[in-house]
There are 2 protein chains.
Amino acid sequence: MAQYSAQLDGVFVALADPTRRWVIRRLGHGPTSVGDLAREFPMTLPSFMKHVQTLESNGLIHTTKSGRVRTCVLNRERLAVVDDWLAEQRRIWEERTDRLERLVTDEQENQQ
Amino acid sequence: MAQYSAQLDGVFVALADPTRRWVIRRLGHGPTSVGDLAREFPMTLPSFMKHVQTLESNGLIHTTKSGRVRTCVLNRERLAVVDDWLAEQRRIWEERTDRLERLVTDEQENQQ
DNA sequence: GGAACACTTAGCCTTATGGCACAGTATTCG
DNA sequence: CGAATACTGTGCCATAAGGCTAAGTGTTCC
């Protein structure tokens with residue numbers, strides 16, 4: 001659970017920044033070099049690189065360097081942890097809803 | 001888009017903290033008072049209140065005060081923005097996959 | 001009324017975050 | 001070889017985040 005939570009934490013922290021979400025969106029269209037990505041954002045390259053590093057260290061993207069160009073690729077699978085978390089939430093809600101429904105049913109039976 | 005992004009930003013920022021995610025999970029089981037929630041976390045009440053406020057200001061929970069007790073309720077609908085964002089990502093990926101498939105198909109046709 | 005309770009407000013502190021400029025390294029091109 | 005390119009590394013800065021203590025405020029209970 002602690003480990004799971006740590007993974008989740010990194011992914012959510014990575015997604016908390018609009019620049020980084022935009023990079024993920026952008027990479028959804030296909031692999032792109034750091035330079036090409038950076039040109040779309042109003043910030044310097046070193047600043048942008050920090051975001052790239054955050055995304056990579058949290059497993060949301062993968063990068064490779066060929067010559068002097070570093071190319072970023074989206075790691076789609078990683079976003080599954082968000083899906084899983086949402087699914088778990090829903091499971092909890094539904095359990096509760098079921099309990100409440102049973103409660104109502106039991107009360108009705110008691111009234112008969 | 002800017003407005004949408006701002007909403008999204010708040011929700012992801014709120015979810016980036018493990019304490020806050022835990023509160024959401026906890027509230028999935030039903031409404032709970034601030035005090036009852038706080039007792040489950042290794043931090044002081046004022047510190048914990050900040051998290052409650054963050055969650056409320058970003059629309060993830062709703063609170064009401066009755067007497068001296070403030071009760072927190074989960075706002076399930078709010079998490080839909082995360083769902084929507086994930087769905088949009090998938091849409092982008094699928095568009096790309098479709099394009100790649102067409103490309104392969106066209107090449108095969110050209111070879112004939 | 002007074003004590004206990006459940007927050008709430010205020011102010012402080014430390015660390016993390018996100019930005020910058022500037023200098024350096026490694027490739028590529030003419 | 002030398003210039004341009006594409007990062008990369010370093011160090012600095014301002015603000016925000018997340019924690020604390022201490023001192024309120026308003027309710028409830030005896």
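Chain letters run A, B, ... following the sequence lines, proteins first and then strands; every chain starts at 1. Treat the numbers as computed from the prediction; the structure is a model and nothing was measured.
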**Report entry** Steps toward side chain to side chain contact (heavy atoms under 4.5 Å, CB included) verdict (A:Val52, A:Val23)
**Finding:** CA-CA 8 Å; A:Val52 170; A:Val23 170; 5.6 Å; no
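In this structure, B:Arg39 and A:Phe48 both approach DNA chain C, and ranking their closest nucleotides by distance from the 5' end singles out B:Arg39. Nearest-nucleotide assignment on DNA chain C puts the 5′-proximal partner with A:Thr44, out of A:Gly67 and A:Thr44.
Regarding B:Asn58, its CG atom lies at a distance of 15 Å from the P atom of D:dA16, rounded to whole Å. For the pair A:Met43 CE and D:dC13 P, the computed distance is 21 Å after rounding to whole Å. Rounded to a whole Å, the CG atom of A:Asp36 is 14 Å from the P atom of D:dT5. In this structure, the CG atom of B:Leu45 is 18 Å from the P atom of D:dG24, given to the nearest Å. C:dT8 atom P lies 13 Å from atom CG of B:Leu37, rounded to whole Å. As a whole-Å value, the separation of B:Gln53 CD from C:dC7 C1' is 11 Å.
Of the candidate nucleotides C:dC7, D:dC7, D:dG18, D:dG18 has the atom nearest to the side chain of B:Lys50. The side chain of A:Arg70 lies closest to D:dC7 when the candidates are D:dC7, C:dG18, D:dT27. For A:Pro46, taking side-chain heavy atoms from C-beta onward, the closest of the listed nucleotides D:dA22, C:dA21, C:dG18 is C:dA21. For B:Asp17, taking side-chain heavy atoms from C-beta onward, the closest of the listed nucleotides D:dG18, C:dG18, C:dC20 is D:dG18. The side chain of A:Arg68 lies closest to C:dT27 when the candidates are C:dT9, C:dT27, D:dT8. Taking only side-chain atoms of A:Arg20, from C-beta outward, the nucleotide of D:dT8, C:dA6, C:dG18 with the closest atom is C:dG18. Here the nucleotide nearest the side chain of A:Ser47, chosen from C:dC20, D:dA6, D:dC20, is C:dC20. The nucleotide whose nearest atom lies closest to any side-chain atom of A:Met49 is, among D:dT8, C:dA4, C:dC7, D:dT8.
Using cut-offs of 30° and 60° for the angle between ring planes, the B:Phe12 and A:Phe12 rings count as tilted.
Applying the 4.0 Å criterion to OP1 and OP2 of D:dG19, one finds that B:His51 has a side-chain N or O inside that range. Remark: B:Lys65 is not in phosphate contact with D:dT27, judged by side-chain N or O atoms under 4.0 Å from OP1 or OP2.
A distance-only check finds no donor-acceptor pair linking the side chain of B:Gln7 to the backbone of B:Val81 [under 3.5 Å].
Under the 4.0 Å criterion applied to side-chain N and carboxylate O atoms, B:Lys50 and B:Asp17 are not assigned as salt-bridge partners.
The one candidate from A:Asn75, A:Leu74, A:Leu27, A:Val11 that meets the side chain to side chain contact (heavy atoms under 4.5 Å, CB included) condition with A:Leu60 is A:Val11.
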